[in-house]
Amino acid sequence: MPLPIKFGVSTWLFTSPFQTASIDELFPKIAAMGFDTVEIAVEEPALIDGHAVKIALAKYNLKAVVCGAFGPTRDLTNEDPAIHEICFKYIADCLDLCALWDTKFFAGPMYSAVGKARMLPPEERKAEWNLAVVNLRKVCNMAQERGLEIALEPLNRFESDLVNTAWDVVRLVDEIDHPAAKIILDGFHMNIEEPNIEEAIKLAGDKLIHVQVAENYRGTPGTGQTNWGAYRKGLEAINYKGTVSIESFTPDNKELAQAVCIWHPLAQSQDKFAAEGLAFLKQWAQ
């Protein structure tokens, strides 16, 4: 039986930051390729005319997924409560865009700043974990007020020291103990951290509401060492019906490329990356 999924692609594959001017270039192309969903990476909400995006989504018959970007000034485990407030404001802006675009959840590693990878004493680690739980419960309340959910994403050990595996994120969601707290799994990070992809997906279970994929080297799906059979078995086991979205990054934005350590192009072109990746995923899902 084919997987009952939709196919998406991240705007990060093509551009950064996403802004209103990106719409006319990206949305027709993404729709023409055959994607169902555009995964909009919201780095700076002020750069985006939400109503213009809503009109374009309808025009090109695309659904939206919204993912966030969490740097040092958007860190819910920072010692400074003022940093938390900056992050809460950013998350609120993103949740408002989700509501405007009829997107049911906001996704990302919003528990901490990306790039915090340190060997902390156990008591400091526990304090940061507890702070993440408390602040994410507040975020869940913000989402619930808008009829939305959040999807928390584990990152590999080089990008986070707090939440790396499916087991970590399930424990985090359990401790948040809020109906709006859900999970996103990213295949790139899973290929680094998970000893068993199928079991990791099954562990996330019905809390898994979004999946991102790329190859083990963050390249075009189907061109690397990823165990795609394990992904399929895991998704089948939990009866996953959401979107599987290609997420990688353009090397053209030097700041972004440096942040994700992409030192050279991963495909002949970003358009070819997307088109060939989609063709592989559609065949894989059959």
Side-chain angles (χ1 to χ4, degrees), residues 4-69 90-91 93-108 146 148 151 153 184 186-188 209-214 218-222 241-253 255-257 260 262 265-282 285:
I5 59 174
K6 301 294 186 182
F7 300 97
V9 65
S10 172
T11 57
W12 262 326
L13 186 66
F14 305 101
T15 191
S16 173
F18 178 83
Q19 51 194 304
T20 305
S22 308
I23 297 172
D24 290 340
E25 176 190 356
L26 295 187
F27 284 21
K29 175 166 60 179
I30 288 169
M33 287 180 180
F35 288 100
D36 308 294
T37 302
V38 54
E39 184 176 299
I40 300 174
V42 178
E43 296 175 63
E44 295 296 341
L47 297 177
I48 301 171
D49 180 338
H51 291 282
V53 171
K54 182 177 181 178
I55 291 169
L57 289 169
K59 178 179 179 180
Y60 295 106
N61 195 29
L62 291 168
K63 298 294 184 182
V65 168
V66 179
C67 291
Y90 165 71
I91 291 172
D93 289 343
C94 290
L95 289 170
D96 288 341
L97 290 175
C98 289
L100 178 63
W101 300 336
D102 194 28
T103 298
K104 303 305 182 186
F105 61 89
F106 175 51
R146 296 164 170 83
L148 304 173
E153 177 185 4
I184 168 179
D186 181 325
F188 171 73
I209 59 173
H210 190 55
V211 174
Q212 294 172 329
V213 294
R218 231 167 196 160
T220 307
K241 296 180 180 178
T243 296
V244 172
S245 185
I246 297 173
E247 188 205 51
S248 190
F249 303 89
T250 174
D252 294 334
N253 182 306
E255 182 178 351
L256 178 67
V260 295
I262 293 178
L266 300 177
Q268 190 174 17
S269 71
Q270 298 308 101
D271 287 359
K272 191 170 184 179
F273 190 133
E276 293 186 355
L278 178 60
F280 170 80
L281 290 175
K282 286 189 171 181

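V38 places none of its side-chain heavy atoms less than 4.5 Å from the side chain of L26. Between E153 and C67, every side-chain heavy-atom pair lies at or beyond the 4.5 Å cut-off. Taking 4.5 Å as the limit, some side-chain heavy atom of I246 sits within range of a side-chain heavy atom of F35. Under the 4.5 Å side-chain criterion, counting only non-hydrogen atoms from C-beta, E25 is not in contact with F14. Side-chain contact between I48 and F18: present, with at least one pair of heavy atoms (C-beta onward) separated by less than 4.5 Å. Looking at heavy atoms from C-beta onward, T15 lies out of side-chain contact with Q270 at the 4.5 angstrom threshold.
Rounding to the nearest 0.5 angstrom, the gap separating the CD1 atom in I30 from the CG atom in D36 is 12.0 Å. The CD atom of E247 sits 7.0 Å away from atom CD1 of I184, with the distance rounded to the nearest 0.5 Å. Taken from NZ in K6 to CG in L62, the straight-line distance is 11.5 Å, to the nearest 0.5 Å. The distance from the CD1 atom of I5 to the CG atom of L281 is 7.0 Å, given to the nearest 0.5 Å.
Evaluation of the side chain to side chain donor-acceptor pair (under 3.5 Å) rule for K241 yields no partner, not counting sequence neighbours. Listed by chain and number, the residues in a ring pair (Phe, Tyr, Trp, His ring centres under 6.0 Å) with F188 amount to none (sequence neighbours excluded). Qualifying ring pair (Phe, Tyr, Trp, His ring centres under 6.0 Å) partners for F249, counting only residues two or more places apart in sequence or in other chains: W12. Partners of D96 according to the salt bridge (Lys or Arg N to Asp or Glu O under 4.0 Å) rule, which considers only residues two or more places apart in sequence or in another chain, are R146. Remark: F7 engages no residue in a ring pair (Phe, Tyr, Trp, His ring centres under 6.0 Å) (not counting sequence neighbours).
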* Kindly indicate, with the supporting measurements, whether the criterion side-chain contact (heavy atoms from CB on, under 4.5 Å) is fulfilled by V42 and F106. => CA-CA 10 Å; V42 178; F106 175 51; 5.6 Å; no
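The shortest heavy-atom contact between F105 and C98 is O-SG, 3.4 Å. In plain terms, the two heavy atoms of A274 and V9 that are nearest each other are CB-CG2, 4.4 Å. S16 approaches T250 most closely through the heavy-atom pair N-CG2, 4.5 Å. Scanning both residues, G50 and L97, for their nearest heavy atoms gives CA-CD2, 4.0 Å. Listed here is the closest heavy atom pair of G277 and P221: CA-CD, 3.9 Å. The two residues A99 and L148 have their closest heavy-atom pair at N-CD1, 4.1 Å.
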Side-chain donor-acceptor distances from residues 51-59 under 3.5 Å, at least two apart:
none

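Checked by atom type and distance alone, the side chain of T20 pairs as donor or acceptor with a backbone atom of L47 at under 3.5 Å. The main-chain N or O of R218 is found under 3.5 Å from a side-chain atom of S248 such that the two form a donor-acceptor pair. Judged by distance alone, the side chain of Y90 and the main-chain N or O of A69 form a donor-acceptor pair under 3.5 Å. No donor-acceptor pair under 3.5 Å is formed between the side chain of T243 and the backbone N or O of S245.
The 12-atom threshold is not exceeded at NZ of K63, counting heavy atoms of other residues, nucleotides or ligands nearer than 6.0 Å.
Side chains of E276 and T220: no donor on one and acceptor on the other come within 3.5 Å.
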